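Report on the following structure.
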Amino acid sequence: PQLWAPDAVASQIDLMSTSPTLAAVHYLAIRTVQTSPPALPTPPGAAPNTSVITPTTQLSVDVVLANDGSVSEPHATVHYSMASQSSGATSSRTHTVALSSGASQALPTANFGVTPGTTYVLTVSVDVPAGQTQLAGTAVQYVLAISPATCVNRKGAVSTNCSPRS
């Protein structure tokens, strides 16, 4: 048979079109999540799987998103939510970026107002593009305990009642 005969070419086209290695692969994944202020070393007796954060009224979240697929993702979207475990109030943020195949990108910082002495659940998740079958690394969740604010009262004792002096 001739190399460029219609049947030979059709056979090669069939082989290429059914090749799994030539298929478009969608795979967005969260590479890192960092908070600022960062978590403190876990104190003895602390709840398991809870990260303790220094007293603060603002928590910043930085995320690196990767495109490990074989096609560009023009609308890679990451959702952030911070849910108070005491009040149930939830605050959300969303960032969308374009990521070429094989690229990683640090997303803009997401800032959340928090209350010292309160525990929150931080969830970071990726909108999985159509066709993505690998779900590892597409969502993470952290329990964050914001330490109560402490101050020294007039008698020199440490207190969590830090109202302004009159």
Side-chain angles (χ1 to χ4, degrees), residues 12-43 46-150 160 162 164:
Q12 291 300 313
I13 290 172
D14 285 344
L15 286 173
M16 288 178 61
S17 66
T18 59
S19 170
T21 59
L22 296 177
V25 175
H26 297 272
Y27 187 14
L28 293 176
I30 297 166
R31 284 289 166 249
T32 62
V33 175
Q34 292 184 327
T35 63
S36 181
L40 299 169
T42 305
N49 301 320
T50 298
S51 297
V52 177
I53 308 292
T54 59
T56 186
T57 57
Q58 178 174 301
L59 187 84
S60 299
V61 181
D62 291 300
V63 170
V64 174
L65 182 65
N67 180 357
D68 292 333
S70 63
V71 294
S72 293
E73 299 292 350
H75 304 288
T77 301
V78 175
H79 300 277
Y80 309 72
S81 71
M82 181 78 76
S84 168
Q85 297 302 282
S86 56
S87 70
T90 300
S91 182
S92 300
R93 310 281 184 275
T94 301
H95 289 128
T96 301
V97 296
L99 277 179
S100 59
S101 175
S104 295
Q105 183 173 336
L107 302 179
T109 300
N111 295 304
F112 294 93
V114 294
T115 303
T118 304
T119 299
Y120 296 85
V121 175
L122 169 65
T123 303
V124 181
S125 62
V126 176
D127 274 354
V128 176
Q132 179 169 333
T133 57
Q134 177 63 262
L135 299 179
T138 59
V140 293
Q141 197 169 60
Y142 303 99
V143 177
L144 305 175
I146 311 300
S147 296
T150 56
T160 58
C162 299

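Model, not experiment: these values are computed from the prediction.
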- Item | Derivation of the side chain to side chain donor-acceptor pair (under 3.5 Å) call for S100 and S72 | CA-CA 4 Å; S100 59; S72 293; 5.2 Å; no

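Checked by atom type and distance alone, the side chain of Q105 never pairs as donor or acceptor with a backbone atom of L107 at under 3.5 Å. The main-chain N or O of V25 is found under 3.5 Å from a side-chain atom of S70 such that the two form a donor-acceptor pair. For Q132 (side chain) and L28 (main-chain N/O), a donor-acceptor pair under 3.5 Å exists by modelled atom type. In this structure, S81 contributes its side chain and S91 its backbone to no donor-acceptor pair below 3.5 Å. For the pair S87 (side chain) and S84 (backbone), a donor-acceptor distance under 3.5 Å is absent.
Applying the side-chain contact (heavy atoms from CB on, under 4.5 Å) test to T54 and every residue at least two apart in sequence or in another chain returns P37, L40. Residues forming a side-chain hydrogen bond (donor to acceptor under 3.5 Å, both in side chains) with Q141 (at least two apart in sequence, or on another chain): T123.
When side chains are defined from C-beta on, T119 does not count as touching S86, because their heavy atoms never get closer than 4.5 Å. The side-chain heavy atoms of V71 and S101, taken from C-beta on, include no pair separated by under 4.5 Å. When side chains are defined from C-beta on, T56 counts as touching V114, because their heavy atoms get closer than 4.5 Å. In this structure, L59 and T35 have side chains that are in contact, with non-hydrogen atoms separated by less than 4.5 Å. Counting heavy atoms from C-beta on, the side chains of S147 and V52 come closer than 4.5 Å.
A 6.0 Å sphere centred on CD of Q34 holds no more than 12 heavy atoms belonging to other residues, nucleotides or ligands.
Residues A76 and L65 come closest through the heavy atom pair CB-CD2, 3.7 Å. Between Y120 and T115, the shortest heavy-atom distance links the atoms OH-N, 2.8 Å. V64 and S104 get closest at one heavy-atom pair: CG1-CB, 4.2 Å. Between N111 and R93, the shortest heavy-atom distance links the atoms O-NH2, 2.8 Å. Closest heavy-atom contact between A136 and A29: O-CB, 4.2 Å. Residues H26 and A130 come closest through the heavy atom pair CD2-O, 3.3 Å.
Every pair passing ring-ring contact (aromatic ring centres under 6.0 Å, His included) that includes a residue from residues 89-119 is listed here, sequence neighbours excluded: Y80-H95.
Interatomic distance, CG of D127 versus NE2 of H75, reported as 12.0 Å (0.5 Å rounding). Distance check, rounded to the nearest 0.5 Å: CG of D62 to OG1 of T109 gives 3.5 Å.
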